[in-house]
Amino acid sequence: MSSLKKCFNIRSRDFIHAGEASITVQQLLKQMRIDSALIRRIAVCGYEGEMNVVMHGGDGRFCIEINTERIVLDISDEGAGIPDIARAMEKGYSTASDAHREMGFGAGMGLPNMEKNADEMFIESVPGCGTKVRMIFFNRST
Amino acid sequence: MKLSLVAEILEATFLCGEDRPDIEIDKAGGSDLMSDVLAALSDHSVLLTGLTNIQAVKTAVISGVAVIVFVRDKKPSPDIVALAEKHGIPLLSTPCSMFLACGRLYNAGLTGLKGTR
(Lines give C-alpha, C1' and ligand atoms only; values in the text may rest on other atoms or scores of the structure.)
Protein backbone atom coordinates (compact mmCIF):
# COMPACT_ATOMS: atom_id res chain seq x y z
CA MET A 1 0.00 0.00 0.00
CA SER A 2 1.40 3.42 -0.92
CA SER A 3 1.04 6.26 1.55
CA LEU A 4 -2.32 8.04 1.66
CA LYS A 5 -2.83 11.35 3.44
CA LYS A 6 -6.11 13.15 4.14
CA CYS A 7 -6.62 16.43 5.98
CA PHE A 8 -9.72 18.18 7.31
CA ASN A 9 -10.31 21.58 8.89
CA ILE A 10 -11.95 21.73 12.32
CA ARG A 11 -13.85 24.87 13.29
CA SER A 12 -13.91 26.12 16.83
CA ARG A 13 -17.29 25.69 18.58
CA ASP A 14 -18.82 24.02 15.53
CA PHE A 15 -20.66 21.28 17.41
CA ILE A 16 -22.89 20.49 14.44
CA HIS A 17 -20.01 19.33 12.22
CA ALA A 18 -17.75 18.06 15.01
CA GLY A 19 -16.93 14.42 14.44
CA GLU A 20 -17.38 14.43 10.67
CA ALA A 21 -13.64 14.05 9.98
CA SER A 22 -13.48 11.00 12.24
CA ILE A 23 -16.55 9.40 10.69
CA THR A 24 -15.20 10.06 7.17
CA VAL A 25 -11.86 8.48 8.12
CA GLN A 26 -13.66 5.56 9.77
CA GLN A 27 -15.52 4.86 6.53
CA LEU A 28 -12.31 5.23 4.47
CA LEU A 29 -10.48 2.72 6.68
CA LYS A 30 -13.38 0.27 6.37
CA GLN A 31 -13.16 0.53 2.57
CA MET A 32 -9.42 -0.18 2.87
CA ARG A 33 -10.25 -3.32 4.90
CA ILE A 34 -8.16 -2.27 7.87
CA ASP A 35 -8.70 -4.42 10.98
CA SER A 36 -12.00 -3.41 12.62
CA ALA A 37 -10.55 -3.16 16.15
CA LEU A 38 -7.82 -0.86 14.84
CA ILE A 39 -10.41 1.26 13.01
CA ARG A 40 -12.37 1.65 16.23
CA ARG A 41 -9.27 2.78 18.15
CA ILE A 42 -8.38 5.32 15.46
CA ALA A 43 -11.96 6.60 15.23
CA VAL A 44 -12.24 7.05 19.01
CA CYS A 45 -8.94 8.94 19.13
CA GLY A 46 -9.95 11.12 16.20
CA TYR A 47 -13.36 11.90 17.63
CA GLU A 48 -12.06 12.75 21.09
CA GLY A 49 -9.38 14.91 19.48
CA GLU A 50 -11.91 16.68 17.27
CA MET A 51 -14.13 17.41 20.24
CA ASN A 52 -11.18 18.79 22.20
CA VAL A 53 -10.45 21.23 19.37
CA VAL A 54 -14.10 22.24 19.01
CA MET A 55 -14.49 22.79 22.76
CA HIS A 56 -11.10 24.18 23.79
CA GLY A 57 -9.08 25.00 20.70
CA GLY A 58 -9.28 27.74 18.17
CA ASP A 59 -9.69 26.49 14.64
CA GLY A 60 -7.73 23.32 13.99
CA ARG A 61 -6.55 20.71 11.56
CA PHE A 62 -7.05 16.92 11.44
CA CYS A 63 -4.64 14.93 9.28
CA ILE A 64 -4.27 11.19 8.87
CA GLU A 65 -1.47 9.41 7.02
CA ILE A 66 -2.00 5.76 6.23
CA ASN A 67 0.93 3.49 5.43
CA THR A 68 1.26 -0.28 5.29
CA GLU A 69 2.91 -0.50 8.67
CA ARG A 70 1.48 2.41 10.59
CA ILE A 71 -1.20 5.08 10.67
CA VAL A 72 -0.39 8.54 12.00
CA LEU A 73 -3.11 10.92 13.20
CA ASP A 74 -2.14 14.56 13.77
CA ILE A 75 -4.64 16.93 15.39
CA SER A 76 -3.56 20.51 15.96
CA ASP A 77 -5.25 23.73 16.96
CA GLU A 78 -4.56 27.40 17.48
CA GLY A 79 -6.38 27.58 20.79
CA ALA A 80 -5.55 28.42 24.37
CA GLY A 81 -3.10 25.56 24.84
CA ILE A 82 -2.71 23.28 27.86
CA PRO A 83 -0.83 24.82 30.80
CA ASP A 84 -0.31 21.50 32.62
CA ILE A 85 -0.29 18.47 30.32
CA ALA A 86 0.26 15.96 33.13
CA ARG A 87 -2.84 17.27 34.90
CA ALA A 88 -4.85 17.22 31.66
CA MET A 89 -3.98 13.54 31.23
CA GLU A 90 -5.58 12.62 34.57
CA LYS A 91 -8.89 10.76 34.27
CA GLY A 92 -11.72 13.07 35.33
CA TYR A 93 -9.80 16.33 35.12
CA SER A 94 -11.68 18.77 32.92
CA THR A 95 -11.85 22.46 32.16
CA ALA A 96 -15.05 22.06 30.13
CA SER A 97 -17.91 24.48 30.55
CA ASP A 98 -21.48 23.60 31.52
CA ALA A 99 -22.41 24.01 27.84
CA HIS A 100 -19.86 21.33 26.89
CA ARG A 101 -21.24 19.00 29.55
CA GLU A 102 -24.77 19.49 28.20
CA MET A 103 -23.39 18.18 24.89
CA GLY A 104 -22.24 15.01 26.68
CA PHE A 105 -18.59 15.97 26.89
CA GLY A 106 -16.32 17.39 29.54
CA ALA A 107 -16.05 14.21 31.60
CA GLY A 108 -12.29 14.52 31.72
CA MET A 109 -11.83 11.33 29.71
CA GLY A 110 -10.81 12.73 26.30
CA LEU A 111 -7.02 12.68 26.53
CA PRO A 112 -6.97 9.48 28.67
CA ASN A 113 -9.15 7.74 26.05
CA MET A 114 -6.79 8.91 23.30
CA GLU A 115 -3.71 7.70 25.19
CA LYS A 116 -5.35 4.33 25.89
CA ASN A 117 -6.30 3.72 22.26
CA ALA A 118 -3.15 4.96 20.51
CA ASP A 119 0.01 2.86 20.42
CA GLU A 120 2.02 6.03 20.90
CA MET A 121 0.88 9.57 21.68
CA PHE A 122 2.81 12.82 21.82
CA ILE A 123 1.47 16.21 22.94
CA GLU A 124 3.08 19.59 22.42
CA SER A 125 1.30 22.62 23.79
CA VAL A 126 2.19 26.25 24.26
CA PRO A 127 -0.26 28.27 26.38
CA GLY A 128 -1.74 31.01 24.24
CA CYS A 129 -0.54 29.44 20.97
CA GLY A 130 -2.19 26.05 20.64
CA THR A 131 -1.76 22.30 20.92
CA LYS A 132 -0.47 19.53 18.66
CA VAL A 133 -1.31 15.90 19.33
CA ARG A 134 0.29 13.09 17.32
CA MET A 135 -1.08 9.56 17.67
CA ILE A 136 0.57 6.56 16.05
CA PHE A 137 -1.12 3.21 15.42
CA PHE A 138 0.81 0.17 14.24
CA ASN A 139 -0.96 -1.90 11.62
CA ARG A 140 0.01 -5.31 12.96
CA SER A 141 -2.24 -7.21 10.54
CA THR A 142 0.17 -6.58 7.64
CA MET B 1 -31.39 -10.77 22.65
CA LYS B 2 -33.18 -9.36 19.62
CA LEU B 3 -33.90 -5.65 19.35
CA SER B 4 -37.63 -6.39 19.20
CA LEU B 5 -37.41 -7.90 22.70
CA VAL B 6 -35.44 -4.91 23.99
CA ALA B 7 -38.24 -2.67 22.70
CA GLU B 8 -40.90 -4.85 24.34
CA ILE B 9 -39.10 -4.93 27.72
CA LEU B 10 -38.67 -1.15 27.71
CA GLU B 11 -42.17 -0.46 26.26
CA ALA B 12 -40.26 1.60 23.73
CA THR B 13 -41.35 3.02 20.41
CA PHE B 14 -39.15 3.09 17.32
CA LEU B 15 -38.14 6.51 15.98
CA CYS B 16 -36.28 4.79 13.12
CA GLY B 17 -34.93 1.33 12.32
CA GLU B 18 -38.17 -0.57 12.95
CA ASP B 19 -37.35 -2.59 9.83
CA ARG B 20 -34.43 -4.20 11.70
CA PRO B 21 -36.07 -5.87 14.74
CA ASP B 22 -33.73 -8.88 14.51
CA ILE B 23 -30.51 -7.02 15.37
CA GLU B 24 -28.76 -8.96 18.12
CA ILE B 25 -27.96 -7.05 21.29
CA ASP B 26 -25.77 -8.64 23.95
CA LYS B 27 -24.77 -5.76 26.22
CA ALA B 28 -25.98 -2.37 27.39
CA GLY B 29 -24.60 0.85 28.75
CA GLY B 30 -26.35 3.81 30.32
CA SER B 31 -24.68 7.23 30.19
CA ASP B 32 -25.11 10.86 29.29
CA LEU B 33 -21.32 11.22 29.09
CA MET B 34 -20.14 10.33 25.62
CA SER B 35 -16.50 9.79 26.63
CA ASP B 36 -17.66 7.03 28.96
CA VAL B 37 -19.28 5.32 25.97
CA LEU B 38 -16.16 5.85 23.85
CA ALA B 39 -14.01 4.34 26.62
CA ALA B 40 -15.83 1.02 26.50
CA LEU B 41 -16.12 -1.69 23.87
CA SER B 42 -19.60 -0.91 22.67
CA ASP B 43 -20.04 -3.23 19.68
CA HIS B 44 -23.47 -4.93 19.54
CA SER B 45 -24.64 -2.85 22.48
CA VAL B 46 -27.65 -0.71 23.27
CA LEU B 47 -26.89 2.77 24.58
CA LEU B 48 -29.41 4.14 27.07
CA THR B 49 -29.14 7.91 27.32
CA GLY B 50 -31.03 11.10 28.05
CA LEU B 51 -28.82 13.00 25.63
CA THR B 52 -30.74 13.77 22.44
CA ASN B 53 -28.23 15.91 20.56
CA ILE B 54 -26.27 15.02 17.42
CA GLN B 55 -23.22 13.90 19.39
CA ALA B 56 -25.14 10.94 20.83
CA VAL B 57 -25.58 9.55 17.31
CA LYS B 58 -22.01 10.39 16.24
CA THR B 59 -20.65 8.71 19.37
CA ALA B 60 -22.67 5.62 18.50
CA VAL B 61 -21.28 5.59 14.95
CA ILE B 62 -17.69 5.96 16.17
CA SER B 63 -17.91 3.43 18.98
CA GLY B 64 -19.97 0.74 17.25
CA VAL B 65 -23.12 1.08 19.36
CA ALA B 66 -25.88 -0.84 17.58
CA VAL B 67 -28.96 0.90 18.99
CA ILE B 68 -29.75 4.04 21.01
CA VAL B 69 -32.68 4.16 23.43
CA PHE B 70 -33.64 7.60 24.76
CA VAL B 71 -35.01 7.41 28.30
CA ARG B 72 -37.86 9.39 29.90
CA ASP B 73 -39.77 9.69 26.62
CA LYS B 74 -37.11 11.95 25.14
CA LYS B 75 -37.02 12.31 21.37
CA PRO B 76 -34.34 13.94 19.22
CA SER B 77 -35.09 16.35 16.38
CA PRO B 78 -35.81 14.99 12.86
CA ASP B 79 -32.32 15.84 11.53
CA ILE B 80 -30.77 13.68 14.23
CA VAL B 81 -33.14 10.82 13.44
CA ALA B 82 -32.15 11.20 9.77
CA LEU B 83 -28.44 10.99 10.65
CA ALA B 84 -29.06 7.79 12.62
CA GLU B 85 -30.99 6.31 9.69
CA LYS B 86 -28.13 7.20 7.34
CA HIS B 87 -25.71 5.25 9.54
CA GLY B 88 -28.10 2.34 10.14
CA ILE B 89 -28.57 2.92 13.86
CA PRO B 90 -32.13 2.32 15.14
CA LEU B 91 -33.40 4.91 17.62
CA LEU B 92 -36.02 4.13 20.25
CA SER B 93 -37.74 6.13 22.97
CA THR B 94 -38.87 4.62 26.27
CA PRO B 95 -41.01 6.10 29.06
CA CYS B 96 -38.68 4.37 31.56
CA SER B 97 -36.18 6.37 33.59
CA MET B 98 -32.50 5.53 33.14
CA PHE B 99 -32.55 3.51 36.38
CA LEU B 100 -35.62 1.53 35.41
CA ALA B 101 -34.46 0.91 31.83
CA CYS B 102 -31.05 -0.36 32.99
CA GLY B 103 -32.69 -2.54 35.64
CA ARG B 104 -35.14 -4.13 33.23
CA LEU B 105 -32.45 -4.99 30.67
CA TYR B 106 -30.08 -6.28 33.35
CA ASN B 107 -32.87 -8.45 34.73
CA ALA B 108 -33.52 -9.79 31.23
CA GLY B 109 -29.91 -10.97 30.94
CA LEU B 110 -27.92 -8.26 29.22
CA THR B 111 -24.39 -7.55 30.49
CA GLY B 112 -22.58 -4.26 30.91
CA LEU B 113 -20.34 -2.96 28.13
CA LYS B 114 -17.38 -4.90 29.55
CA GLY B 115 -19.39 -8.13 29.40
CA THR B 116 -19.76 -8.49 33.16
CA ARG B 117 -22.85 -8.66 35.40
Minimum-distance pair of heavy atoms, taken over all atoms of [X] and [Y]:
{"X": "B:Gln55", "Y": "A:Tyr47", "result": "OE1-OH, 2.6 Å"}
{"X": "A:Glu102", "Y": "B:Asn53", "result": "O-ND2, 3.6 Å"}
{"X": "A:Gly104", "Y": "B:Leu51", "result": "CA-CD2, 3.8 Å"}
{"X": "A:Gly110", "Y": "B:Ser35", "result": "N-OG, 4.2 Å"}

By a 4.5 Å heavy-atom criterion (distance strictly below it), what part of [X] contacts chain A: side chain, backbone, both, or neither?
{"X": "B:Ile62", "result": "both"}
{"X": "B:Asp36", "result": "side chain"}
{"X": "B:Ser31", "result": "neither"}
{"X": "B:Leu33", "result": "both"}
{"X": "B:Thr52", "result": "neither"}

When you look at [atom1] of [X], are more than 12 heavy atoms from neighbouring residues, nucleotides or ligands closer to it than 6.0 Å?
{"X": "A:Lys5", "atom1": "NZ", "value": "no"}
{"X": "A:Glu90", "atom1": "CD", "value": "yes"}
{"X": "B:Arg20", "atom1": "CZ", "value": "yes"}
{"X": "B:His44", "atom1": "NE2", "value": "no"}

Are [Y] and [X] linked, directly or through intermediate hydrophobic residues, by side-chain heavy-atom contacts shorter than 4.5 Å (ILVMFWY only)?
{"X": "A:Val44", "Y": "A:Met89", "result": "yes"}
{"X": "B:Ile9", "Y": "B:Leu100", "result": "no"}
{"X": "B:Val65", "Y": "B:Leu83", "result": "yes"}
{"X": "A:Leu4", "Y": "A:Phe8", "result": "yes"}
{"X": "A:Val126", "Y": "A:Phe122", "result": "no"}

Legend entry - Distance (rounded to the nearest 0.5 Å) between B:Thr59 OG1 and A:Glu48 CD: 8.0 Å
Legend entry - Euclidean distance, A:His17 NE2 relative to B:Ile54 CD1, rounded to 0.5 Å: 8.0 Å
Legend entry - Close side-chain approach of A:Arg101 and B:Asp32, heavy atoms under 4.5 Å: no
Legend entry - Side-chain heavy-atom pair B:Met34, A:Met51 within 4.5 angstrom cut-off: no
Inset, instruction - Find the one option among B:Gly64, B:Ser42, B:Ala39 whose heavy-atom pairs under 4.5 Å with chain A are most numerous. - result: B:Ala39
Legend entry - Segment of A:His100 engaging chain B (4.5 angstrom heavy-atom cut-off): neither
Legend entry - Part of A:Ala18 lying under 4.5 Å from any heavy atom of chain B: both
Inset, instruction - Flag the one option from A:Gln26, A:Lys116, A:Gln27, A:Met109 with the top tally of heavy-atom pairs under 4.5 Å to chain B. - result: A:Gln26
